[in-house]
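Below: one structure, written as structure tokens.
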Amino acid sequence: MKFAVVVFPGSNCDRDMYHAAKDALGAEADLVWYKEADISGYDAILLPGGFSYGDYLRSGAIAATSPVIEQIRQAVEDGKPVLGVCNGFQVLLEMGILPGAMLKNEKLKFMCHFENLVVENAETMFTREYEAKEVISIPIAHGEGNYYCDSETLEELRANNQIAFTYENNPNGSVGDIAGITNKEGNVLGMMPHPERAVETLLGSEDGLRLFQSILTHWRNTHAINA
Amino acid sequence: MRKVKVYITLKEGVLDPQGKAVQNSLESLEFGGVKDVRVGKYMELMIEDSKDIDKEVDQMCDKLLANPVIEDYSYTIEEVV
């Protein structure tokens with residue numbers, strides 16, 4: 001299985017993401033620069049955290065208009081797993097692939113620490129290696145992670161089981177304590193916490209590794225069926 | 001040429017923690033009469049004349065300049081001589 005980590009100007013968690021896929025998970029992975037990117041040959045797309053285009057205008061807004069975006073839309077349409085973490089999540093929101101938007105943290109502070117997340121849906125291709133309602137420890141690092149959507153959208157997210165993770169102790173004011181959501185089809189996950197920074201005990205937690213293992217298990221199962 | 005002035009504000013009902021912080025600061029400067037502050041963005045665009053300029057600016061706002069999930073926008077168009 002081959003992962004593509006799409007690197008934008010200002011991405012700064014791209015190497016962590018690469019390390020998680022390549023070294024911790026043991027899969028094939030490449031860093032692909034957004035301008036030269038041909039991501040059609042990859043099985044999964046990872047959008048890393050950071051400050052693409054310096055967060056100009058709004059976080060993720062400028063990256064969401066760059067040429068590689070059409071290819072990412074194609075990957076989404078093809079049903080490939082697409083994971084956006086932190087700024088990657090903001091890009092997916094700005095693309096309109098996931099519903100809602102990000103506001104500044106309620107307390108206006110950039111926060112960088114471990115949070116407990118509750119696995120709300122353990123049946124997605126990203127969370128199948130977790131137990132439902134399991135509490136996992138994953139670090140956050142953001143100034144604009146205050147997820148917002150209107151109440152109608154929130155109801156819809158709940159009704160379709162699109163909420164993958166919630167915060168046990170909401171740090172940023174996100175509606176419904178939301179930490180991560182999927183699209184309706186379930187092949188796109190956006191989350192503010194950083195699973196790629198929690199893939200070995202040396203980093204303080206290895207709870208994030210199972211997210212990457214989930215993607216791999218899902219891929220193996222689908223390919224075994226297709227073969 | 002036209003000068004387009006675009007004003008972007010958070011939708012009513014969307015909490016504005018930044019505005020709240022500014023209001024608190026005003027209060028500590030003893031401007032206690034300020035009951036609410038909303039922080040927005042202002043942009044100036046110089047655009048070549050075209051007959052569909054309104055439509056064009058609407059599209060720019062919808063596609064990029066504002067995020068319609070959380071923001072409203074308005075604009076004025078002025079002739080530049």
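Fair warning: this is a prediction, and the values are worked out from it, not measured in the lab. Chain identifiers are assigned alphabetically (A, B, ...) following the order of the sequence lines, protein sequences preceding nucleic acid strands; residue numbering begins at 1 within each chain.
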[X] atom [atom1]: more than 12 heavy-atom contacts under 6.0 Å:
X       : atom1 : value
B/Glu27 : CD    : yes
B/Arg2  : CZ    : yes
A/Tyr56 : OH    : no
B/Glu44 : CD    : yes
B/Phe31 : CZ    : no

>> Looking at every heavy atom in both B/Ile70 and A/Tyr148, which two are closest together, and how far apart are they?
In response: CG2-CD2, 3.4 Å

> Measuring from A/Leu57:CG to B/Leu64:CG, what's the distance to the nearest 0.5 Å?
Replying inline: 5.5 Å

>> Within this structure, what is the NZ-CD distance for the pair B/Lys20 and A/Glu106, rounded to the nearest 0.5 Å?
In response: 12.0 Å

>> So for A/Asn105, is it side chain, backbone, both, or neither that comes closer than 4.5 Å to the heavy atoms of chain B?
In response: backbone

>> Please identify, among A/Thr153, A/Leu108, A/Asn146, the residue contributing the most non-hydrogen atom pairs under 4.5 Å to chain B.
In response: A/Leu108

>> Using heavy-atom distances under 4.5 Å, tell me whether B/Leu10 contacts chain A through its side chain, its backbone, both, or neither.
In response: side chain

